[in-house]
*Asks:* 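Below is the structure I would like to discuss, written out as structure tokens.
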Amino acid sequence: METANLRRLADQRFATGSINAAIQIWSALIANQQDLEPCLYNRAQAYLVLSQWPLAQLDLDRLIALQRSRPQSASYLLRGILNSELGRIKPALADFDQALRIDGNPLVYANRALAYQRDGQLAAAEADLNLAVRRDASVSNLHNLAVVQRLRGNPQACIQNATLVIRAKPTFAPAYTVRGQCLYSLRRYQEAIADFLRSAAIQPVQAEVQHQLGLCMIALGRGREANPVLLRAADLYLAERNTKGYEAVMQVLASPAVTGAAP
């Protein structure tokens, strides 16, 4: 089979979820030095999907070395994503910045924002996400912006952007969750409960949603009703092996607000 047809077949297999079958084809082409750069890029991308970080690193380092005289922003962008996933924030930011210098690749902003967020640089993350939204007001960009705005203590902006996401994609559970969290911070408990219930209806297995729903009920003096909800949250946190979340919800369950015991 011709090289172009093999690459097309690999792309089709990757798109349909047959990732290892796609990697098999790209690896054969790479071994034969055929279409080396696109195959290295595609295989690295596949390794990222599979969380095979060292293999992705080898392909990207090799690819960037091959492109030294004519650097490609997509290669630096992908390596930046890899470094960000591994918690190597400084190298990730360097790769994202290099991608921007090459051709102003607009995909940098959303990915660099995530690296900034992981590093606790929330103002920088919000600035990048605003740039990302200006270029592409996608559900993911708007939702990520809402999340950062909540973390920065700006619930009104968070609610506004989460609402835009919900209008565009009413079945996107995380948007209801983040909007509910911001409504809770504003003591708009009934509205928050409505959002948490919508989120849970779309995606039932969410420990954080059950936890927040229980807290809203307690805030409204409905501690007895909150008890089974919080127990559900505890079970889900255990399933996730989320010790911090489990301990937090168990402390609430032991409180007078739920048990009805005298403080």
Side-chain angles (χ1 to χ4, degrees), residues 48-51 53 84-87 89 113-122 125 129 139-140 142-155 158-159 161-163 165-166 169-263:
L48 279 176
V49 172
L50 296 175
S51 300
W53 315 122
S84 179
E85 288 291 331
L86 292 172
I89 303 303
L114 181 56
Y116 280 135
Q117 184 178 344
R118 286 172 170 157
D119 199 42
Q121 300 185 55
L122 297 180
L129 284 167
V139 163
S140 60
L142 284 166
H143 172 69
N144 291 337
L145 179 57
V147 169
V148 169
Q149 288 167 334
R150 181 184 76 82
L151 294 173
R152 293 202 71 204
N154 189 352
C158 168
I159 290 168
N161 284 307
T163 300
V165 173
I166 290 164
K169 191 174 182 180
T171 58
F172 189 66
Y176 292 105
T177 301
V178 72
R179 190 172 70 174
Q181 289 169 327
C182 288
L183 289 166
Y184 175 82
S185 72
L186 295 172
R187 300 184 180 183
R188 293 162 60 179
Y189 301 125
Q190 292 286 9
E191 294 170 84
I193 285 174
D195 270 353
F196 291 136
L197 288 173
R198 290 189 191 103
S199 183
I202 297 166
Q203 189 176 331
V205 184
Q206 295 186 78
E208 185 180 25
V209 168
Q210 297 298 319
H211 190 174
Q212 293 283 332
L213 181 57
L215 293 177
C216 285
M217 291 175 175
I218 290 171
L220 292 170
R222 295 156 54 185
R224 183 171 296 181
E225 188 180 348
N227 187 70
V229 175
L230 292 168
L231 286 171
R232 170 68 171 158
D235 290 340
L236 292 173
Y237 278 134
L238 280 178
E240 295 173 1
R241 298 184 179 180
N242 185 336
T243 301
K244 186 176 179 181
Y246 175 75
E247 289 177 346
V249 79
M250 292 307 294
Q251 286 180 358
V252 177
L253 278 165
S255 70
V258 176
T259 63

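Not measured: the values here are computed from a predicted model.
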*Asks:* Indicate yes or no: at least one non-hydrogen side-chain atom of Arg152 is less than 4.5 angstrom from one of Val148.
*Replies:*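 Sidechains of Val148 and Arg152: in contact.
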
*Asks:* Do the non-hydrogen side-chain atoms of Val165 and Val178 ever get within less than 4.5 Å of each other?
*Replies:*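 No; the side chains remain at least 4.5 Å from each other.
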
*Asks:* Could you check whether Gln210 and Arg232, counting side-chain N and O atoms only, form a donor-acceptor pair closer than 3.5 Å?
*Replies:*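 Per modelled atom types, Arg232 and Gln210 side chains form no pair under 3.5 Å.
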
*Asks:* Below 4.5 Å, heavy atoms only, C-beta onward: do Asn144 and Leu114 meet side chain to side chain?
*Replies:*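 Side chain of Asn144 against side chain of Leu114, heavy atoms only: no contact under 4.5 Å found.
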
*Asks:* Would you say Leu220 and Glu225 make side-chain contact, with heavy atoms under 4.5 Å?
*Replies:* no

*Asks:* Quick test of your reading: applying salt bridge (Lys or Arg N to Asp or Glu O under 4.0 Å), list the pairs with at least one residue in residues 180-196, sequence neighbours left out, ordered by first then second residue.
*Replies:* Arg179-Asp195, Arg188-Glu191, Asp195-Arg198

*Asks:* So do Arg222 and Val229 actually touch side chain to side chain, heavy atoms under 4.5 Å?
*Replies:* no

*Asks:* Any sub-3.5 Å donor-acceptor pair from Tyr176's side-chain atoms to Pro170's backbone N or O?
*Replies:* yes

*Asks:* Do the non-hydrogen side-chain atoms of Phe196 and Gln181 ever get within less than 4.5 Å of each other?
*Replies:* yes

*Asks:* Would a 4.5 Å heavy-atom cut-off, applied to side chains only, mark Tyr189 and Leu183 as touching?
*Replies:* no

*Asks:* Is the count of non-hydrogen atoms from other residues, nucleotides or ligands lying under 6.0 Å from Arg118 atom CZ greater than 12?
*Replies:*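 More than 12 within 6.0 Å, yes.
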
*Asks:* Go through Leu48 and Trp53 one step at a time and tell me if the side-chain contact (heavy atoms from CB on, under 4.5 Å) criterion holds.
*Replies:* CA-CA 6 Å; Leu48 279 176; Trp53 315 122; 3.6 Å; yes

*Asks:* Assess the side chains of Ser199 and Gln206: does a donor N or O sit below 3.5 Å from an acceptor N or O?
*Replies:*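 Present: a donor and an acceptor within the cut-off.
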
